[in-house]
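Below: the structure, in structure tokens.
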Amino acid sequence: MLNTHLPTLAELEHATEFQARHLGPWDEEQQHMLSAIGVASRQALIDGIVPASIKRGNPMELPAPLTEAQALAELKAIAQQNKLMRNFIGQGYYGTLTPGVILRNILENPAWYTAYTPYQAEISQGRMEALINFQTMVTDLTGMAIANASMLDEATAAAEAMTLAARGGKSKSTRFVVCHDVFPQTLEVIQTRAKPLGITVDLVHAAQLAEHLQTNDCFAALMQYPGVNGQVRDLRPLIDALHAKGAMAIVAADLLALTLLTPPGELGADIACGTTQRFGMPMGNGGPHAAYLATKDELKRSMPGRLVGVSVDSHGDPAYRLALQTREQHIRREKATSNICTAQVLPAVVASMYAVYHGPEGLKRIALRVASYASILAEGLKAMGRQVVHTTWFDTIQVLAEDREAVLAAAVKLGINLRDASSDSVTISLDETTTRNDIIDLWTVFSGGKPLPSFAAFENGVALGLPAKLRRESAFLTHPVFNTHHSETDMLRYLRGLADKDLALDRTMIPLGSCTMKLNATSEMIPITWPEFAHIHPFAPRDQLKGYELLNEELCAWLSQATGYAGISLQPNAGSQGEYAGLLIIKAYHESKGEGHRDICLIPESAHGTNPASAQMVGMKVVVTKCDADGNVDLDDLKAKCEQHSANLAAVMITYPSTYGVFETRVTELCKLVHQHGGRVYVDGANMNALVGLAAPGQFGGDVSHLNLHKTFCIPHGGGGPGGGPV
Ligand SMILES: *Cc1c(COP(=O)(O)O)cnc(C)c1O
């Protein structure tokens, strides 16, 4: 019999599949809920809640929707515009082999990537055990007493170490010394962070540091270990010289190198920091990766970031929970030790499990292989008449090259990226993925067509570049967890057992306050581990990053549409970092108008703790304004404070809709008021998913906002990170 209700071809092709699959309640369920609250339709509900005065005048201009398959095909085409090369650029980013059992069962597993921040200990024991492993891994490898459960990236960790030293140390100096061979991106972040706090940053050659300290004071210094050009320096004399001045020593150290090198703690360092990227997290064009920060015990109350501790539960059994939370922004607000909220839990779990899976012997074997290849590479280059700059190294060789441009170009021809280190040198950083063939290809780059040295000649008996007096003697990762799960079967069962202790969105919804939780489409997660996205070095030549560039341009354009703002920066890697960047923008704006004296930041008492913590970090003075019983901003109090501080008003930070979920009706009035007094309005966009398509902060009076892509768009929460906080 002929079916008279056959859909048309256009209907069959229509791309509604995504919405139907991902927007929870069906029509009947929606009707049921609407009738329960006595509202006729969803539109009527929206009309009743969102003030007419802020409704956007124009709809968003977005491309036509795609099915998931179409979107993946489009993303694949974009990914393929990135050029996959063999990267030897180093500078904090290295090739790494993510063990399959970790890739599939953590990074690609919703039980891990959709969990929320572990504030509820009873549903987070699995994750917290993984984070305790992370902390133990870091303290063992660095030789420090205590480590936190991850930082946002190495540069931020170094900047936080600087402010920790300023807070926790005895020195009254406002000078901070950075050694010349610190990663350049770290130096840049430190300079940015130092300025609003009135800290002067001196860049000093490590060889001149002791001499510099004779005539200059400082409260701390940062050293890279090994340095960006590969040199492995004995830091003990520098650390002693710093301590003699009452200053602290901060060492940014490579964890893989520390399996072979005397750790910072044994050298006398007060703080160690760095990245854990090369422990199984792909480079991903620069992130996300977990950084680490570890200190002496006496600094633990001043540490930034989250800390997991072991406690005893009501049955007398050991249980994990977040510890020392009284240091955090949620409680201390503008007096917090840092503004960090979302950190890098998922990458930290990956790094910790990489250590669990390989164990101390496995890590040492990887490090020794890398160090051996580095020595063979160096000896071969010398045999070819090339000058190797340093006499010590772990994984990075600096080579003099008057013909540097020709060398870099020859490398690219072979599909190889080297680091352009100086006007007459390049560096080559090896990693876990390096093979014999890579060494031969690297020699070829420098050979100018002449015969290559014989790999076999160096094969046995080449000396490592690690100084004898810095060889690590102490044991590390001695805890059973790092010495048990070394077969894939054991590892898989360990990971499954931990995941089973936790509640994430793969089991149920998590109705948690301001951090609106959503289950991401699986399709959205698939591309992140594609090689064309995952194995891209952030400092590769720009013409190799066309896919990423396109992705960034499109995302910026769409976020501009959603927010009503003129420009977007995708750099901040959490909401807190977006707040920080956004407030710096406001500060720079006032300075550009000759009004750099404006330093008062009004913040309603209901604001998220990161708001006052960020304001303090940019050197603003926080003035708290009142809220009424419903959590609405008390406009009379705000008005009084605007008038009182009119001459010095820099900014007001509001959250819209508010932390209580309320669309305050007088928000346009509030913005006008602030502008009249010369201040700028920062609209915290953590709840932006309530506004997309309905209202745009850039249209109703906001000047700057951040968005939390891990809350309101399609980055999963990762158990407490990674995040994305574009501003
Ligand atoms: C989560 C949140 C923040 C902080 O964002 P992170 O990404 O965790 O740093 C700021 N404001 C509000 C309202 C939030 O909910």
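Atoms within a ligand are numbered from 1 in the order they appear, just like the ligands themselves.
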In terms of atom number and element, which parts of ligand 1 are under 4.0 angstrom from non-hydrogen atoms of [X]?
X	value
S576	5 (O), 6 (P), 9 (O)
E579	10 (C), 11 (N)
T610	3 (C), 4 (C), 10 (C), 11 (N)

Quick one: CG on L709 to CD1 on I715, what's the gap to the nearest 0.5 Å?
4.5 Å
Please tell me if the side chains of T342 and H717 come closer than 4.5 Å, counting only heavy atoms from C-beta onward.
yes
Would you say [X] and ligand 1 have an N/O pair spaced under 3.5 Å apart?
X	value
D684	yes
T342	yes
H710	yes
G575	yes

For side chain to side chain contact (heavy atoms under 4.5 Å, CB included), just list the numbers for Y660 and D630, CA-CA rounded to whole Å, side-chain angles, deciding distance to a tenth of an Å, and then say yes or no.
CA-CA 8 Å; Y660 294 82; D630 298 328; over 6 Å; no
Check the pair Y292 / F134 against ring pair (Phe, Tyr, Trp, His ring centres under 6.0 Å), numbers first and verdict last.
CA-CA 9 Å; Y292 72 84; F134 179 86; 7.7 Å; no
Please work out which of the three classes, parallel, tilted or perpendicular, describes the rings of F539 and H537, given edges at 30° and 60°.
tilted
Please determine whether any non-hydrogen atom of K711 lies less than 4.0 Å from an atom of ligand 1.
yes
Applying a strict 4.0 Å limit to heavy atoms, is N708 in contact with ligand 1?
yes
Within 45° of the ring axis of Y589 and under 6.0 Å from its six-membered ring centre, is that where the NZ or CZ of R598 lies?
no
Any side-chain donor paired with an acceptor under 3.5 Å for T156 and D153?
yes
